[in-house]
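Only one structure is covered here, and it is reproduced in the block below.
As the structure is a computational prediction, the values presented were derived from the model and not from experiment.
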Amino acid sequence: MAAPRFVPTRHVRFGLTVFGLSAIAVFALSACSDDEPRAGSNPPSPSASAPSSAPIPTASTPSLTPLPTPSKPWPTPKVTGEPENDAPLAERIEFAIAKQAQVAAGKAAATTVKCPGIDKADEPGKHELTCTVTYAGKPYSGTLTVDAKRYSASYKFTSQSVAIVKAKVVDAVLREAPGAAKVTCTMDDVAVVKHSGEPIACDVTTTENAVQPYKAQVSGNGQVLVAKA
């Protein structure tokens, strides 16, 4: 009887061999997939490259137009309503005080003067009265001294305060700060200030857009003295 053939054994080994190759192939593929870049480890995109070292352009500061420097003195306002020479002394004194207030302020405006008891100031002797001056709606007080004689009288009005218009102050600042492009003063269009008190604060903007502080002191007769703060 002939010896048996081992054909089935070959088929089993072939099958194992093929299975082994398949397992190796799968492992290789798995190994390749493990080598892929993980999230967050991607190479930087061109947009994430180092910033350029070129300088960033800056906007230039525009130069401002200078205001004209006053070439003439501040004009003396023309005050109307002067009484006649033979008018009562009280009327003439009140007008003189009102006129001086408007000249000092720098502009003609409605001005009233009230001095209780002034109607008796023409009686011989010395009289001292308290007066209230109201210029353009802004009141301040002062002292009136009258020295009356039989046919003449002299008088003097003094006050710690004086009325001034803003335009006159700005004009005085421009004379001290040529080339100014803007002047800003901390005051109303009409203000009553004490000539012995704190000065008026002003800021001057130059043509180079720089701000410089100034101060304006107003004297009793309305003269404006300006200096750098």
Practice problem: Treating Ile, Leu, Val, Met, Phe, Trp and Tyr as nodes and any side-chain heavy-atom pair under 4.5 angstrom as an edge, say whether Val162 and Ile97 lie in one connected cluster. | Solution: no
Self-check item: From Lys99 atom NZ to Thr111 atom OG1, the distance as rounded to the nearest 0.5 Å
Solution: 12.5 Å
Quiz item: Checking Glu94 side chain against Lys114 main chain: does a donor-acceptor pair fall under 3.5 Å?
Solution: no
Exercise. Look at the side-chain heavy atoms of Ile, Leu, Val, Met, Phe, Trp and Tyr, link any pair under 4.5 Å apart, and say whether Trp74 and Val173 land in one connected group.
Key: no
Quiz item: How far apart are the closest heavy atoms of Thr69 and Gly179, and which atoms are they?
Solution: OG1-N, 4.4 Å
Quiz item: Any side-chain heavy atom of Tyr214 within less than 4.5 Å of one from Val183?
Solution: no
Quiz prompt | Listed once per pair and sorted, the side chain to side chain donor-acceptor pair (under 3.5 Å) pairs that draw on residues 163-190, sequence neighbours left out | solution = Asp171-Arg175
Quiz prompt | For the student: nearest non-hydrogen atoms of Tyr140 and Ala101, plus distance | solution = OH-CB, 3.3 Å
Practice problem: Report the distance from atom OG1 of Thr145 to atom CG of Asp147, rounding to the nearest 0.5 Å. | Solution: 9.5 Å
Practice problem: Output, in order, the C-alpha distance, side-chain angles, deciding distance and verdict of side chain to side chain contact (heavy atoms under 4.5 Å, CB included) for Phe157 and Ile93. | Solution: CA-CA 9 Å; Phe157 177 76; Ile93 292 176; over 6 Å; no
Self-check item: Val218 with Val204, same ILVMFWY side-chain cluster at under 4.5 Å
Solution: yes
Practice problem: Determine the minimum heavy-atom distance between Lys78 and Ala108, stating which atoms define it. | Solution: O-CB, 3.7 Å
Quiz item: Minimum heavy-atom separation for Gly106 to Pro77, with atom names?
Solution: C-CG, 4.0 Å
Quiz item: Would a hydrophobic clustering, with Ile, Leu, Val, Met, Phe, Trp and Tyr connected at side-chain separations under 4.5 Å, put Val165 with Leu174?
Solution: no
Practice problem: Would you check if Met187 and Ile164 make a side-chain contact, meaning some heavy-atom pair closer than 4.5 Å? | Solution: yes
Quiz item: Are Val113 and Leu89 grouped together when hydrophobic residues (ILVMFWY) are joined by side-chain heavy atoms under 4.5 angstrom apart?
Solution: yes
Quiz item: With distance as the sole test, does Gln217 use its side chain to make a donor-acceptor pair with the main-chain N or O of Gly197 at under 3.5 Å?
Solution: yes
Quiz prompt | Gln100 CD to Asn221 CG distance, which is reported to the nearest 0.5 Å | solution = 7.0 Å
Practice problem: Return each pair, listed once, that meets disulfide bond (SG atoms under 2.5 Å apart) where at least one residue sits in residues 194-229; pairs must be two or more places apart or across chains. | Solution: Cys185-Cys202
Quiz item: So, does Arg92 use its side chain to make a donor-acceptor pair with the main chain of Ala87 at under 3.5 Å?
Solution: yes
Practice problem: Would you name the heavy atoms of Ala216 and Val226 that are closest together and state the gap between them? | Solution: CB-CG2, 4.2 Å
Exercise. Could you grab the distance from atom CD of Glu82 to atom OG1 of Thr80, nearest 0.5 Å is fine?
Key: 10.0 Å
Quiz item: In Å, rounded to the nearest 0.5 Å, how long is the span from CG of Leu144 to NZ of Lys156?
Solution: 11.5 Å
Without placing hydrogens or testing angles, list every side-chain donor-acceptor pair under 3.5 Å for residues 124-135, not counting sequence neighbours.
| from | atom 1 | to | atom 2 | distance (Å) |
| --- | --- | --- | --- | --- |
| His127 | NE2 | Glu123 | O | 2.7 |
| Tyr135 | OH | Lys107 | O | 2.6 |

Exercise. Compare every heavy atom of Ala121 with every heavy atom of Ala148, then report the nearest pair and how far apart it is.
Key: CB-O, 3.3 Å
